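Encoded as structure tokens, the structure appears first; notes follow it.
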Amino acid sequence: MPELPEVETIVSALRDGRSEYHASVVGLTVGDAEVLWPKTLAAPTEEEFQTRIREQMITGLSRRGKFLVFCLATDHLLIHLRMSGDLRLEGIQDESGNPKPFDKHDRLALNFTEGSRLVFNDTRKFGRVWLAKDPVDITGNLGPEPLDESFTAQQFHQMLTARGRQLKPLLMDQTFIAGLGNIYTDEALHLARLHPLSQSSQITPDQSGGLLEAIRAVLSEGIRRNGASIDWVYRGGDFQNHFRAYGRTGEPCPECGTLIERLVVGQRGTHICPNCQPIL
DNA sequence: CATCAACCCTGAGAGC
DNA sequence: TGCTCTCAGGGTTGAT
């Protein structure tokens, strides 16, 4: 499931033309778009999308939370990969000069005038694409970026204690803090030795500081390892081989050897060490 | 404001 | 072999 580190990995590779993307998308000009699964396009209408995106050059690419933000000449293209979304950059034609057929779960494609295309593939059809003048229209309700150095432990503590919620659902709330999903939340809580059901209002300044450090540590490690590849969505990362708690039910905790337990918190499968993460 | 359930989808894995 | 059933998972929406 693409979370902040997976999106960051894709964004930086696509921008710099690294790994499976052998060229950068920056500088390419959109010829036309093909919408293969209409619900993928969140806004505007398909008709308006087609006419507006035509002849726009990609001038930059960045990330906000789990959104990819493509800066175009006069618009912004935003993509949220949700559960199973992925992006592919490939030639429009095969070696023989024939049009390359789409794969089974391809949902939307941008054909570039340079002869390549960017294909959005999404098995589960949860991913969405927007075209907007101002990206803030889409991302405006997101919380702060956890890796932003101007975001301080004092602010974080103030935010946590201002709310009365269970820690895990609060951390996964994108309007509270942007970019954390199920995997990195479990990993950060384990590293910070905090229980996912603990009340945010009860957290001490030290614990808030430790939690922010832990969030930054697991996100940074995820980015360094090019993200995690789990289920059948494989894109080259190897953070999945270094999980502390996530998906390790019945296996020993790396800190103390106690067996990792699975519980359900806020409708999400949750993994904890009952010894390292006592309930407050 | 917090919590909870339903919904959107598909493929994997279990059970038969 | 192949059928049916259950479930995960991010985010949105609506009910309590």
Side-chain angles (χ1 to χ4, degrees), chain A residues 1-10 35-43 63-69 78-87 102-108 120-130 135 137-143 146 158-189 195-203 215 219 222 227-235 237 239-240 243 245-250 260-271 279-280:
Chain A
M1 335 286 127
E3 301 180 28
L4 189 154
E6 288 74 32
V7 177
E8 181 65 32
T9 298
I10 293 171
V35 180
L36 308 166
W37 175 256
K39 287 181 79 171
T40 295
L41 190 56
R63 177 191 61 72
R64 174 74 173 100
K66 303 178 195 173
F67 287 83
L68 293 98
V69 183
L78 289 90
I79 300 181
H80 198 301
L81 303 171
R82 290 279 182 92
M83 302 293 302
S84 56
D86 200 6
L87 291 169
F102 284 111
D103 289 349
K104 186 175 179 186
H105 302 301
D106 289 344
R107 307 301 179 196
L108 189 146
F120 178 56
N121 180 282
D122 182 26
T123 304
R124 300 221 170 137
K125 299 179 173 176
F126 286 178
R128 292 292 180 266
V129 173
W130 296 256
D137 290 348
I138 314 299
T139 63
N141 60 352
L142 291 179
Q158 202 279 327
M159 288 164 54
L160 286 162
T161 53
R163 310 289 291 272
R165 290 184 64 184
Q166 298 166 340
L167 277 185
K168 174 161 177 175
L170 185 56
L171 293 176
M172 289 184 64
D173 183 341
Q174 301 300 298
T175 66
F176 180 75
I177 188 166
L180 294 173
N182 208 34
I183 294 175
Y184 291 90
T185 302
D186 278 6
E187 293 297 291
L189 286 170
H195 195 285
L197 288 173
S198 291
Q199 280 292 312
S200 63
S201 54
Q202 304 296 309
I203 199 166
I215 289 169
L219 291 177
S229 306
I230 67 168
D231 287 354
W232 66 99
V233 183
Y234 179 77
R235 55 169 68 80
F239 188 52
Q240 69 277 10
F243 289 157
Y246 182 83
R248 297 190 60 245
T249 311
I260 299 293
E261 289 179 1
R262 181 182 189 277
L263 54 157
V264 175
V265 178
Q267 307 177 80
R268 292 286 174 257
T270 298
H271 311 79
I279 186 119
L280 285 185

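Here is the naming used below: chain letters follow the sequence lines, and residue numbers restart at 1 for every chain. All values derive from a computational prediction rather than experimental measurement.
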Give a yes/no on whether any side-chain N or O of Arg163(A) is located under 4.0 angstrom from OP1 or OP2 of dA2(B).
yes
Which one, dC9(B), dG11(B), dC1(B), comes nearest to the side chain of His105(A)?
dG11(B)
Polar side-chain contact Arg268(A)-dG10(C) base: donor and acceptor under 3.5 Å:
yes
Is Arg262(A) close enough to dA8(C) that one of its side-chain N or O atoms is under 4.0 Å from OP1 or OP2 there?
yes
From the options dG11(C), dC9(B), dG9(C), select the nucleotide whose nearest atom is closest to the side chain of Lys39(A).
dC9(B)
Base of dA2(B) paired with side chain of Gln166(A) (donor-acceptor, under 3.5 Å)
no
What is the separation between atom CG on Asp173(A) and atom P on dA2(B), rounded to the nearest whole Å?
9 Å
Phe67(A) atom CZ is separated from dT12(C) atom P, nearest whole Å, by 7 Å
Counting only side-chain N and O atoms of His80(A), is one of them less than 4.0 Å from OP1 or OP2 of dG11(C)?
yes
Nearest listed nucleotide, side chain of Phe126(A), among dA2(B), dG11(B), dG10(C)
dG10(C)
Atom CD1 of Ile79(A) and atom C1' of dG11(C) are separated, to the nearest Å, by 17 Å
Examine dG11(C): is either OP1 or OP2 under 4.0 Å from a nitrogen or oxygen in the side chain of Gln174(A)? Give yes or no.
yes
Provide, to the nearest angstrom, the distance between the CD atom belonging to Glu6(A) and the P atom belonging to dG10(C).
11 Å
Nearest-angstrom distance from the residue atom CG of Asn182(A) to C1' of dG11(C)
13 Å
Looking only at heavy atoms, which two atoms of Arg163(A) and Ser200(A) are closest? And how far apart?
O-OG, 2.7 Å
Is there a side-chain polar atom (N or O) of Tyr246(A) under 4.0 Å from OP1 or OP2 of dG9(C)?
yes
Partner of Asn182(A) by side-chain hydrogen bond (donor to acceptor under 3.5 Å, both in side chains), out of Arg268(A), Glu3(A), Lys168(A):
Lys168(A)
Between Tyr184(A) and Phe239(A), is the gap from one ring center to the other below 6.0 Å?
yes
side-chain contact (heavy atoms from CB on, under 4.5 Å) assessment of Phe120(A) paired with Leu87(A)
CA-CA 5 Å; Phe120(A) 178 56; Leu87(A) 291 169; 3.9 Å; yes
Out of dG9(C), dG11(C), dA2(B), which has the shortest distance to the side chain of Arg82(A)?
dG11(C)
Among dC9(B), dT10(B), dG10(C), the one nearest any side-chain atom of Trp37(A) is dC9(B)
With side chain to side chain contact (heavy atoms under 4.5 Å, CB included) as the test, pick out the partner of Trp37(A) among Val35(A), Thr40(A), Leu41(A).
Thr40(A)
Which part of the nucleic acid, if any, lies within reach of Gln267(A) when heavy atoms closer than 4.0 Å are counted: base, sugar-phosphate only, or nothing?
base
Reported OG1-to-CG distance for the pair Thr123(A) and Asp86(A), which is rounded to 0.5 angstrom:
9.0 Å
Just the rounded figure in Å: distance from P of dG11(C) to CG of Leu81(A).
11 Å
Rounded to whole angstrom units, what separation is found between the CG atom of Asn121(A) and the C1' atom of dG11(B)?
14 Å
Indicate, with a heavy-atom threshold strictly under 4.0 Å, whether Gly266(A) touches base, sugar-phosphate, or nothing.
nothing
Tell me: CG of Leu170(A) to P of dC1(B), nearest whole Å?
12 Å
